Amino acid sequence: MPELPEVETMRRGLEKIVGLRIHSVSFPAAKRLRSLLFKPSPQRLKTRLLSLVITGIRRIGKRIVIDFNSDESLVIEPRMTGLLLLANSPSPEHNRVEICFDDSSIHPLIYWDRRGLGTVQLLSVHTMSILFNSNRIGPDALLITAEDLQCRLGRSRRPVKVALLDQRGLSGIGNIYASEILFRAQIHPRAPCNRLLPQAWGRLHESIQSVLREAIQLKGSTLSDATYRTPQNRSGGFQFHHRVYGKQGTSCFVCGNPIERFVQAQRATFACPTCQNMRFLRKL
DNA sequence: CGTTCAACCTGGGCGC
DNA sequence: TGCGCCCAGGTTGAAC
């Protein structure tokens with residue numbers, strides 16, 4: 001679920017908890033936990049977090065990082081169905097962590113995760129510097145320059161959609177936004193990176209910026225299963241602006257021809273085969 | 001270097 | 001109603 005716009009919406013919604021002291025930590029869905037979810041164990045997590053003061057909320061790609069008055073930070077990776085809430089949860093049986101604050105007028109922070117594929121880790125500054133090294137996680141999609149984008153992806157023979165999903169190249173783009181970005185740039189998802197013309201890199205960079213910014217403004221995409229919610233437990237609005245994602249068989253907004261669905265790297269890709277042709281490709 | 005598959009999980013939707 | 005499939009915003013590691 002959460003890609004850059006959804007995680008950025010979470011970050012913004014959590015800014016109001018900066019300055020608060022942690023009063024208690026609990027794990028309501030303890031019976032449903034898989035072992036990989038927490039590092040360290042829930043018990044150790046509880047004792048290490050108790051009475052720390054939150055000093056900042058950051059986003060690294062699709063992760064939320066909560067900083068404290070200590071040399072460790074809480075790193076939350078929501079993966080498919082993870083959410084951070086400062087409001088009542090859609091289904092309390094999926095609340096994985098609840099953090100209460102000294103100021104009891106603030107709603108507890110809840111980490112909610114229906115499928116439970118996400119992770120919650122307390123990491124030292126040193127460990128984070130290794131984990132979030134630029135070889136493992138590329139520049140943020142909102143900050144990367146057009147030149148850097150071409151420089152980092154342009155030599156690869158992989159299809160451009162597959163490259164956009166690889167967080168080592170640039171970070172934050174996921175399956176929904178990759179299809180939407182390529183549609184607006186009118187670039188075919190199967191186009192090999194190393195055959196894209198210079199003008200294509202400019203179009204792609206421009207499309208990344210405009211799609212992500214518009215999606216953040218609308219607080220992300222809530223699909224029909226309504227899994228994604230903002231920290232205030234509200235739906236996002238960008239799903240109404242999707243042009244291709246989940247729209248196979250419907251008419252293209254631009255040319256009216258049917259949108260296609262196909263699979264790349266085990267993920268569904270959506271595209272208009274007419275608008276997204278191979279005209280931005282260098283001939284072999 | 002690039003691709004494919006399986007695994008980690010829950011739950012909604014569909015055909016029969 | 002119920003069963004068996006398929007599908008889903010992500011990531012990782014192994015195998016070819």
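We name chains A, B, ... by the order of the sequence lines, and we start the count at 1 in each one. It should be emphasised that the depicted structure is a prediction, and the values quoted were computed from it without experimental measurement. Because only heavy atoms are used, hydrogens play no part in the values below, and waters and symmetry mates are left out as well, while side chains stay in.
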Can you tell whether the side chains of A:E3 and A:K62 come within less than 4.0 Å, N to carboxylate O?
no
Write down the distance between CE (A:M80) and C1' (B:dC9), rounded to a whole number of angstrom.
10 Å
Under 3.5 Å, is there a donor-acceptor pair linking the side chains of A:Y228 and A:Q239?
no
So what does A:P159 hit on the nucleic acid, given a heavy-atom distance under 4.0 Å: a base, only sugar-phosphate, or nothing?
sugar-phosphate
Contact check, side chains of A:V160 and A:L196, non-hydrogen atoms, under 4.5 Å:
yes
Short heteroatom pairs, N/O only, protein and nucleotides 11-13 of chain C, under 3.5 Å:
| from | atom 1 | to | atom 2 | distance (Å) |
| --- | --- | --- | --- | --- |
| C:dT11 | OP2 | A:K62 | NZ | 3.0 |

Using Watson-Crick or G-U wobble geometry with both distances below 3.5 Å, tell me the partner of C:dC7, or none.
B:dG11
Pairwise side-chain contact, A:S73 with A:M128, heavy-atom cut-off 4.5 Å (strictly under):
yes
C:dC5 to B:dA6 separation - P atoms, rounded to the nearest Å
15 Å
Taking atom P of B:dC9 as reference, at what distance in whole Å does atom CD of A:E93 sit?
18 Å
Interatomic distance, A:K161 NZ vs C:dG10 C1' [rounded to whole Å]:
12 Å
If the cut-off is 4.0 Å, is A:T81 near the phosphate of C:dG10, judged by side-chain N/O to OP1 or OP2?
no
When you compare C:dT1 with B:dT10, how far apart are their P atoms, in angstrom units rounded to a whole number?
24 Å
Here the distance between atom C1' of C:dG10 and atom OH of A:Y177, to the nearest Å, is 15 Å
Is the shortest side-chain N to carboxylate O distance from A:R203 to A:E206 below 4.0 Å?
no
NA contact type, A:R261, heavy-atom cut-off 4.0 Å: base, sugar-phosphate, or nothing?
sugar-phosphate
Atom CG of A:L83 and atom P of C:dA8: how far apart are they, to the nearest Å?
19 Å
Quick one: label A:Y245 by what it contacts on the DNA or RNA (base, sugar-phosphate, nothing), any heavy atom closer than 4.0 Å.
sugar-phosphate
Measure OH/A:Y111 against C1'/B:dC9 and give the value in whole Å, please.
12 Å
Short side-chain N/O contact to B:dG11 OP1/OP2 from A:H94, under 4.0 Å:
yes
Aromatic A:F68 / basic A:R48 pairing, under 6.0 angstrom, 45° off normal
no
OP1 or OP2 of B:dG12 versus the side-chain N and O atoms of A:R115: is any pair under 4.0 Å?
no
State, without any angle test, whether A:T269 and A:K161 hold a side-chain donor-acceptor pair at a distance under 3.5 Å.
yes
Comparing A:S224 with A:A265, nearest DNA chain B nucleotide closer to 5' gives the residue A:A265
Heavy atoms under 4.0 Å, any strand shown: does A:A268 hit a base, just sugar-phosphate, or nothing?
sugar-phosphate
Could you tell me whether the side chains of A:H242 and A:E180 share a donor-acceptor contact shorter than 3.5 Å?
no
Whichever of A:Q264 and A:D225 has its nearest DNA chain B nucleotide further upstream toward 5'
A:Q264
Separation of A:R96 atom CZ from B:dT10 atom C1', in whole Å?
9 Å
Between C:dG10 (C1') and A:R136 (CZ): distance, integer Å:
17 Å
The nucleotide from B:dC8, C:dA8, B:dG2 with an atom nearest the side chain of A:R157 is B:dG2
Nearest-neighbour nucleotide for the A:L117 side chain, B:dC9, B:dT3, B:dG11 considered:
B:dC9
